[in-house]
Structures are given as structure tokens and as C-alpha cells.
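Quick notes on the structure that follows.
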Amino acid sequence: MQLKNDQADNGLAEEREDGTALKPAFRLDRWIPYRMFLVASSTAELLASYYGPRYGLSQASWRILAIAGGRPGLSSKEICHAGALDQFAVSRGIAQLVSLGFARRNAGAGDRRFSAVELTSEGYKVLDEIVSIGQAMEARILESLSEHEREMLHAMLDRIEDACAGAVARGWQAVVGDVRSGG
């Protein structure tokens, strides 16, 4: 069975030589969530190859460092939400930051089970260094875009994030219901 493949790269249905259509294959490489994941993953791995060996930080610990640096006093539960991390990863990450001298836990005054995470001065120094490397990486990645295109990208990502939050709030059942009803 020979396929005409000249249209496949355009996302159109492939055809057999006899002209009958095949169901178009799902193209993972054209699925926006996957492409965004690849960009985020490769960038995160590149940055981790710097801070991992230099400071002994895991990717989760780096995220926690960045979150706590920007929003001091958050609880581990708030860090979980802000960093899209599970409680176990956050607990381990906070423990790692504390053991490295980059953060401290402050017990809550009214509830000893609550602890706020704050960076130490050494933690802020490390954060500043890693952020400068991350920003340089971002600049290199985005240098192929004009200033207007970067602004448009940020605006589009804001809309995509909002739409994603809406989909998550509705749940997968609503998405399945939409698909089944043709919506």
C-alpha cells in the first residue's frame, strides 16, 4: 500500500495511490501543549545542568527557591500550588534548601503545624545568580523574535494560561462531554 505523503507535512489527510483517504494521524509534534512542554523541559534541563552541579539543587528545589524568593513566607501548601509540585517534592525540596543554608522554616505563631519558608541571604545570592543565567538563556531563545512578537507571545501565553485554568477547573469530564457532544 503506497501513500502519497506530500500533503502529510501540511497536517492534511494522507491518501493512498488509489485516492482513498486515510484518517489523519495525530501529530504530536504539532500539538501545542507538547511543543510548550518541549521548550520548557529543554530550557529547564539546560538551566539544571548549571545549578545542579554548582549548588546541588534538584529542579524542584530550584523552583521552590525561585518561588520563596519572590513570595517570602509562603507555606509548603502554597508553594505546592505556585510551583505545580506535589507535597512530597516540596517537603524534600525545602529540606534540601534548609540543609544547604539557602532557606529557613519559620513556625507559625498560632499554629505550629504551619511553617513559612524564607530564603537566607545566601539563598538570595544563589537565586540572583541562577536568575541571571536563566534570563540570559531566555534572551537567547527569544532573540529571533521582534519586540512586538515577544509582546504578542506574552499576551497569547496569558490567554492560554487562563484557558488552561478554566479547563482544569471544569475537569476532564467536561472536556470529554464537549468532545462527545461535538463541542
Side-chain angles (χ1 to χ4, degrees), residues 31-169 171:
W31 190 47
I32 298 296
Y34 180 70
R35 294 179 73 188
M36 290 171 39
F37 165 77
L38 289 178
V39 170
S41 180
S42 61
T43 305
E45 287 177 22
L46 180 59
L47 189 57
S49 70
Y50 172 76
Y51 64 70
R54 185 168 176 91
Y55 295 110
L57 295 173
S58 66
Q59 285 188 6
S61 295
W62 150 244
R63 258 195 269 180
I64 295 164
L65 184 76
I67 292 164
R71 297 170 59 192
L74 290 182
S75 69
S76 62
K77 185 175 183 178
E78 291 167 320
I79 292 170
C80 287
H81 180 72
L85 295 163
D86 64 67
Q87 184 63 48
F88 182 70
V90 170
S91 294
R92 269 196 350 220
I94 291 171
Q96 183 182 42
L97 293 174
V98 169
S99 72
L100 291 168
F102 299 156
R104 66 179 156 268
R105 285 189 191 108
N106 298 319
D111 186 351
R112 304 275 311 155
R113 293 172 296 170
F114 174 86
S115 66
V117 178
E118 294 184 358
L119 299 188
T120 63
S121 60
E122 185 63 23
Y124 278 109
K125 286 179 194 172
V126 169
L127 176 62
D128 289 345
E129 182 181 327
I130 297 170
V131 165
S132 69
I133 302 297
Q135 288 173 329
M137 288 171 46
E138 179 187 39
R140 290 219 171 85
I141 291 167
L142 296 178
E143 68 188 3
S144 65
L145 302 177
S146 69
E147 182 61 33
H148 177 70
E149 288 170 324
R150 283 186 286 244
E151 289 171 11
M152 287 176 47
L153 177 61
H154 280 289
M156 288 185 281
L157 288 172
D158 289 342
R159 290 173 37 203
I160 290 169
E161 286 176 1
D162 289 346
C164 184
V168 169

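One-based numbering along the sequence shown. Note that the structure is predicted; figures quoted are calculated from it, not measured.
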Can you pull out every salt bridge (Lys or Arg N to Asp or Glu O under 4.0 Å) where at least one residue sits in [range]? Sequence neighbours excluded, please.
range: residues 62-71; result: none
range: residues 131-144; result: none
range: residues 36-57; result: R54-E129
range: residues 86-98; result: none

May I have the list of side-chain donor-acceptor pairs in residues 158-166 shorter than 3.5 Å, sequence neighbours left out?
none

Looking at residues at least two apart in the chain, or sitting in another chain, which of them share a side chain to side chain donor-acceptor pair (under 3.5 Å) with S49?
->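 Result, side chain to side chain donor-acceptor pair (under 3.5 Å) vs S49: none returned.
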
Partner set under side chain to side chain donor-acceptor pair (under 3.5 Å) for E147, not counting sequence neighbours |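 E147: side chain to side chain donor-acceptor pair (under 3.5 Å) contacts with R150.
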
Among residues at least two apart in sequence or on other chains, which ones pass side-chain contact (heavy atoms from CB on, under 4.5 Å) with [X]?
X: A95; answer: R105
X: T43; answer: V39, M137, I141
X: S58; answer: A60, S61, Q96
X: L38; answer: Y34

Would you give the length of the straight line joining atom [atom1] of [X] to atom [atom2] of [Y], rounded to the nearest 0.5 angstrom?
X: I67; Y: W62; atom1: CD1; atom2: CH2; result: 10.0 Å
X: D128; Y: Q135; atom1: CG; atom2: CD; result: 9.5 Å
X: I79; Y: I94; atom1: CD1; atom2: CD1; result: 4.0 Å

S76 side-chain N/O to V90 backbone N/O, donor-acceptor pair under 3.5 Å =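 Such a contact is absent between S76 side chain and V90 backbone.
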
A68 to L119 - nearest heavy-atom pair and separation |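 Residues A68 and L119, closest heavy atoms: CB-CD2, 3.9 Å.
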
If you look at every heavy atom in A48 and P53, which pair is closest and at what distance?
->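 Here A48 and P53 meet closest at O-CD, 3.6 Å.
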
Answer whether the closest heavy-atom distance between the side chains of [X] and [Y] falls below 4.5 Å.
X: V117; Y: L97; answer: no
X: L100; Y: V126; answer: no
X: Q59; Y: Y51; answer: yes

If a pair satisfies ring-ring contact (aromatic ring centres under 6.0 Å, His included) and one of its residues is in residues 120-160, list it, with sequence neighbours excluded.
->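 Qualifying pairs, neighbours excluded: none.
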
